[in-house]
Amino acid sequence: MLRRKYPYTSRPYSVPGGRFGPWTVSVLATALVAFTVVVPNWPGFGVGWFGTAGSGHDLAHPTPSAATAEQ
């Protein structure tokens with residue numbers, strides 16, 4: 001609103017990255033929230049994306065050695 005009413009007023013602050021910075025942060029934050037909403041509802045989603053070993057199938061059907069190690 002102020003940018004439209006008073007476009008040439010000097011402002012002592014600025015957003016890092018110009019117009020690209022806030023959009024980038026907004027997209028990343030939205031993607032993170034969407035990811036955290038999907039994961040509890042879809043077990044195995046995202047397994048192996050960030051360098052973790054395994055797959056979604058491993059969560060639903062553990063190997064006998066993994067099952068005995070937990071006991």
Side-chain angles (χ1 to χ4, degrees):
M1 180 82 162
L2 291 176
R3 293 264 181 209
R4 290 185 183 156
K5 283 188 173 183
Y6 308 105
Y8 301 109
T9 302
S10 65
R11 290 170 175 78
Y13 54 87
S14 65
V15 176
R19 290 183 179 251
F20 183 71
W23 277 102
T24 303
V25 171
S26 298
V27 168
L28 290 174
T30 302
L32 181 62
V33 169
F35 183 77
T36 58
V37 168
V38 169
V39 168
N41 296 314
W42 189 355
F45 183 78
V47 173
W49 286 11
F50 304 106
T52 58
S55 68
H57 181 76
D58 295 340
L59 296 174
H61 307 286
T63 60
S65 61
T68 57
E70 292 177 4
Q71 296 174 359

Handout entry: Pairing residues for R4 by the side-chain contact (heavy atoms from CB on, under 4.5 Å) criterion, not counting sequence neighbours
Key = none
Practice task
Go through the structure and list residues passing side-chain contact (heavy atoms from CB on, under 4.5 Å) with Y8, not counting sequence neighbours.
Solution key: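 Counting only residues at least two positions away or on another chain, Y8 forms no side-chain contact (heavy atoms from CB on, under 4.5 Å).
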Problem - Minimum heavy-atom distance between Y6 and T9, given as atom pair plus value - result: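 Y6 and T9 have their closest heavy atoms at CB-OG1, 3.1 Å.
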Problem - Nearest atoms (heavy-atom pairs only) where P16 meets P22 - result: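 That would be O-CD, 4.2 Å.
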Show which side-chain atoms of residues 28-46 pair as donor or acceptor with protein atoms under 3.5 Å away, not counting sequence neighbours.
from: T30; atom 1: OG1; to: S26; atom 2: O; distance (Å): 2.8
from: T36; atom 1: OG1; to: L32; atom 2: O; distance (Å): 3.2
from: T36; atom 1: OG1; to: V33; atom 2: O; distance (Å): 2.8
from: N41; atom 1: ND2; to: V37; atom 2: O; distance (Å): 2.9

Handout entry: CZ/R19: more than 12 non-hydrogen atoms of other groups inside 6.0 Å
Key = no
